[in-house]
Amino acid sequence: MTKIIDLSIKEKIYRSKESRISILNDFNLEVVAGEKIAIVGESGAGKSSLLNIIGLLDRNYDGEYTLFGLPTNHSDASKLAQWRNQKIGFVLQESALINSLIIEDNIKLPFLYAGAGKKGQKEMKDFESIVDAIEIRSILKKKPLECSGGEKARAVFARGIIMKPQIILADEPTASLDVENRERIVALLFRMNKEFNTTIITVTHDLEMANRHDRIIHLERRK
Ligand SMILES: Nc1ncnc2c1ncn2[C@@H]1O[C@H](COP(=O)(O)OP(=O)(O)OP(=O)(O)O)[C@@H](O)[C@H]1O
Ligand SMILES: [Mg+2]
């Protein structure tokens, strides 16, 4: 089994004028390709911060991180940016859609970043199958401000997985959804895991959802 994530954090500190917050103290995580991991813990425990670190959005912490076999502190910025677009799919709490673009173009944005040649027939097929799986065809020509919160959440999810990334990082992806749509998202997530051996890391407050993963990691807030 291929180890794709080998992370050991000594400490992550957020500093501001008045405060200093220390989280993820002596936190270690190893993940093999194809694992489904749920991260749970109370608000403020550091779940989103951890996803930011795993997804290379935050490299400002004390620790070591080897991703896909390469130490990330020695890799160059353009390589890491390429990984963020092509190998890692983000469905984050603060992921925003671009309001001036219709939903279809928002979802296809990662193709654009990847450059020409990535918009071939295969990509269109992936797009179509995701659109069908989470039933968002009716909003494709709408702009984000014309969509409901749940519709936007599904569009953000579609954009996060459109590149068929090796790792999907999802921060409460189903929080704003009704039961039916929650099930569609979870089913698609797990189908990608099965078909493409995609590694899934999901932050969730929903224990039933957490239990459907291979492993649950509890983050504690330091008192
Ligand atoms: N950019 C920041 N600057 C300062 N402090 C921050 C920043 N981001 C997060 N924090 C603090 O770090 C701690 C962990 O935040 P984080 O967002 O990772 O928690 P969380 O577990 O995702 O919580 P929630 O369940 O509410 O989303 C919190 O105390 C938060 O206030
Ligand atoms: Mg959070």
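One is the number of the first residue; the rest follow in order along the sequence. Atoms within each ligand, like the ligands themselves, are counted from 1 in listed order.
- Among Lys47, Arg221, Glu172, the residue whose heavy atom sits closest to atom 20 (P) of ligand 1 is Lys47.
- At least one N, O or S atom of Ser48, from either the backbone or the side chain, sits less than 2.8 Å from the Mg ion (ligand 2).
- For atom 18 (O) of ligand 1, the nearest protein heavy atom (residue, atom name, distance) is Ser49 OG, 2.6 Å.
- Judged by the shortest distance from any of its heavy atoms, His205 lies inside the 4.0 Å radius around the atoms of ligand 1.
- Note on ligand 1: Gly41 sits outside its first shell, no heavy atom being nearer than 4.0 Å.
- Around the CD atom of Glu64, the shell of radius 6.0 Å holds no more than 12 heavy atoms that belong to other residues, nucleotides or ligands.
- The side-chain tip of Lys12 points at the ring of Tyr14 from less than 6.0 angstrom away and within 45° of straight on.
- No donor-acceptor distance shorter than 3.5 angstrom exists from the side chain of Asp171 to the backbone of Val203, with no hydrogens or angles considered.
- Within a 4.0 Å radius of atom 7 (C) of ligand 1, the protein contributes at least one heavy atom.
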Problem set entry | Worked verdict on Arg154 versus Glu180 for salt bridge (charged side-chain N to carboxylate O under 4.0 Å, His left out) | CA-CA 12 Å; Arg154 282 184 282 158; Glu180 221 171 283; over 6 Å; no
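- For Tyr113, the OH atom sits in a loose shell: 12 or fewer heavy atoms of surrounding residues, nucleotides or ligands are nearer than 6.0 Å.
- The protein atom (non-hydrogen) at minimum distance from atom 11 (C) of ligand 1 is Tyr14 CD1, 3.7 Å.
- Within the 4.0 Å heavy-atom cutoff, Gly46 counts among the residues contacting ligand 1.
- Ion pairing of Arg215 with Glu30 is absent here, as no side-chain N (NZ or NE/NH1/NH2) approaches a carboxylate O to less than 4.0 Å.
- Closest to atom 30 (C) of ligand 1, if we only count protein heavy atoms, is Ile21 CD1, 4.6 Å.
- Gly44 O, 3.3 Å is the protein heavy atom nearest to atom 14 (C) of ligand 1.
- We find that Arg137 and Glu104 are not joined by a salt bridge, their nearest charged nitrogen and carboxylate oxygen being 4.0 Å or further apart.
- Ranked by closest heavy atom to atom 17 (O) of ligand 1, the top entry among Ser48, Ser43, Ser19, Ala45 is Ser48.
- In this structure, a donor-acceptor pair under 3.5 Å is absent between the side chains of Thr204 and Asp206.
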